[in-house]
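Please read the structure below before turning to the comments.
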There are 2 protein chains.
Amino acid sequence: MPRDEHQNREIRDARRDQLLEAASVIFARRGMAGTKISDVAKEAKLSHGLVYHYFNSKEQLFYELVKKASERSMVSLTKALEVEGTPLDQLTLMTEEILRSIEHGNELHLFVIMIQASTSDAVPEQVTSLLSDVNHSPVKAILPMLIAGQERGEIVQDDPVQLAVAYYAMIQGLAINKIQWKECPIPKASILLRLFTSKGGE
Amino acid sequence: MPRDEHQNREIRDARRDQLLEAASVIFARRGMAGTKISDVAKEAKLSHGLVYHYFNSKEQLFYELVKKASERSMVSLTKALEVEGTPLDQLTLMTEEILRSIEHGNELHLFVIMIQASTSDAVPEQVTSLLSDVNHSPVKAILPMLIAGQERGEIVQDDPVQLAVAYYAMIQGLAINKIQWKECPIPKASILLRLFTSKGGE
DNA sequence: GTCTATAACACGATAGAC
DNA sequence: GTCTATCGTGTTATAGAC
């Protein structure tokens, strides 16, 4: 008894997700160049031939993951911007959300893949151009919040770019740390936020 | 006219350094698995056959670099411990030195290679065991300074492990950032150190 | 000490059976 | 839709000329 089109579609979607999930694990561990299609297939418990049934190439597979990652990375940020409250409130909420997701380790692989994508030049052209749009400036993205906070006097009067760089570096570093060291204690949001608040208080 | 043994030795040392230097650039950019011996040779402007004259394998080449990197990474730390002054003085000096070296970009490649070595499992067994000795605990290394500082009341009374993790994550993140984004403005030491100083002042 | 040529092999990608 | 068998390329590593 033949499957109908609807069932086929469900199977295809499931397989695609299965492969993307497996690929994110392997890519995060071994990088773009170090990843073998056969390892991805093994992780997904499917044959390596099937990978090419769903994706044109290893590069495309990597591209899809970076796209997914960069979409997700903007979620926390836009959420933060919708929150009622002062800039510092928004930053606090955003930080807590990011730390939770690092702690929980759910989308950690995607995070690391984005870092790889921007540090390694072993990645396809298509990917780097995608990144210059989105990832190139998570720093720029939080800049407005910092400046607004400085105007209200709730954020310290340092160079806001330096503040943003330090903040983003810490997030990146924590994600990397967490992947390598599972039991790594993730700091509380209040520690990260101390970057922004002046010593003398306000 | 034949070269004598001394001249030969000088040539060998020079070539070895030349290859290690080139390899650190390529490994940092493309990772262990992504690095091709021919690329290293090209970077060093030598033939790829010569690489195998000086190193047994790609893995050994990588191993030598990680060893070199882990030796260097302890330098800033031990220097800091020799400084006369309070724990916060020592941390300040250490931070300034590390930021200078990131800013200057001199040993950045080695730094990134160490991060790769600990995040990727595409590295040889020999390397990971080397790392568990040295790199596994730069966090542990600064812990005593933090605790001493807390006793003197010059460092905030948060969980010192969380403080150390946050600090080290920021350093790592800055190094990674700098490699990908050459003009990245490196924050002043005072910004990083704000992690450690209490909001209310002392 | 340095190079070029080549052996041996691994991996990405495809073809075709079921 | 999924698998196994296979091709072709490119890479590690070696051999041997200079």
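Below, chain A is the first sequence line, B the second, and so on; all start at residue 1.
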* Asked: If you measure only the distance, is there a donor-acceptor pair under 3.5 Å linking the side chains of B/S57 and B/Y52?
  -> no
* Asked: Of all nucleotides in DNA chain C with an atom under 4.0 Å from a non-hydrogen atom of chain A, which is the first and which the last going 5' to 3'?
  ->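 Here the contact window of chain A covers C/dC11 to C/dT14.
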Using the test side-chain contact (heavy atoms from CB on, under 4.5 Å), find all partners of [X] that sit at least two apart in sequence or belong to another chain.
X      : value
A/A164 : A/V139, A/I142, A/L143, A/L146
B/L93  : B/V83, B/E96
B/A117 : B/F62, B/V66, B/V127, B/L131
B/A41  : B/H48, B/V51

* Between D/dA13 atom P and B/L19 atom CG, what is the distance in whole Å? ->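 So the CG-P distance, B/L19 to D/dA13, works out to 14 Å.
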Tell me which pairs pass salt bridge (Lys or Arg N to Asp or Glu O under 4.0 Å) where either residue lies in [range], with sequence neighbours left out.
range                       : answer
residues 106-119 of chain A : A/R72-A/E107
residues 44-66 of chain A   : A/R16-A/E64
residues 174-186 of chain A : none

* What residues form a side-chain hydrogen bond (donor to acceptor under 3.5 Å, both in side chains) with A/D159, not counting sequence neighbours? ->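 If we apply the side-chain hydrogen bond (donor to acceptor under 3.5 Å, both in side chains) test to A/D159, skipping adjacent residues, there are no hits.
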* Partner residues of B/N56 under the side-chain hydrogen bond (donor to acceptor under 3.5 Å, both in side chains) criterion, sequence neighbours left out -> B/Q60
* Output the residues of residues 35-46 of chain A in contact with DNA chain C, where contact means a heavy atom of the residue under 4.0 Å from an atom of the strand; sort by number or write none. => A/T35, A/K36, A/I37
* Return the residues of residues 47-57 of chain B meeting this criterion: a heavy atom under 4.0 Å from some atom of DNA chain C. Order them by number, or give none. => B/S47, B/H48, B/G49, B/L50, B/H53, B/Y54
